[in-house]
Amino acid sequence: PCILRSGGRASEGTLRDISAHGALVSGAGALGAAAEGVLELPRSRVSLRFRLRDAGRHGLHLELPDAAASAEFRRAFE
């Protein structure tokens, strides 16, 4: 599971895919166009800033502008 925090709201979803450039999250509900917030991955103890790139039938496509530089991200996913 993962948590998306944006606009004062938090919603839980399922992380389907992640890379240093972006993530795909399903089941988290809708976000407004160009939404920004924080993607939290409690099991990995990682929190990353995100920007909504697209929302489609497979879920929310998030851009992760800080992931490549994040030591937390590298430890958990590389």
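For clarity, every value in this text was computed on a predicted model and none was experimentally measured. In what follows, every heavy atom counts, from backbone to side chain, and hydrogens, waters and symmetry copies are set aside.
The heavy-atom pair separating A67 from S19 by the smallest distance is CB-O, 4.4 Å.
Taken to the nearest 0.5 Å, the CZ atom of F73 stands 4.5 Å off from the CD1 atom of I18. Here the straight-line distance linking atom NE2 of H58 with atom CG of D17 works out to 12.0 Å at 0.5 Å rounding. Atom CG of L62 sits about 10.0 Å away from atom OG of S6, to the nearest 0.5 Å. Distance check: L39 CG to I3 CD1 gives 9.5 Å after rounding to the nearest 0.5 Å. Taking CG of L24 as the start and CZ of R53 as the end, the distance is 10.5 Å to the nearest 0.5 Å. Separation of atoms OG (S70) and CD (E72) is listed at 5.0 Å; rounding is to 0.5 Å.
When the side-chain contact (heavy atoms from CB on, under 4.5 Å) test is applied to E36, the partners found at least two apart in sequence or on another chain are R51.
Inter-residue side-chain proximity for L41 and F77 is flagged as met; some heavy-atom pair is nearer than 4.5 Å. Two residues are said to be in side-chain contact when any heavy atoms from C-beta on lie closer than 4.5 Å; L60 and L4 meet this criterion.
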### Task
Quick one: do F50 and D66 satisfy side-chain contact (heavy atoms from CB on, under 4.5 Å)? Show the steps, please.
CA-CA 8 Å; F50 76 81; D66 304 327; over 6 Å; no
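Side-chain atoms of S44 do not come within 3.5 Å of backbone N or O of V46 as any donor-acceptor pair.
Remark: R5 engages E40 in a salt bridge, criterion side-chain N to carboxylate O under 4.0 Å.
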Let me check something: any side-chain donor-acceptor pairs from residues 8-16 under 3.5 Å, sequence neighbours excluded? List them with distances.
| residue | atom | partner | partner atom | Å |
| --- | --- | --- | --- | --- |
| S11 | OG | A28 | O | 3.1 |
| R16 | NE | S26 | OG | 2.9 |
| R16 | NH2 | S26 | OG | 3.4 |

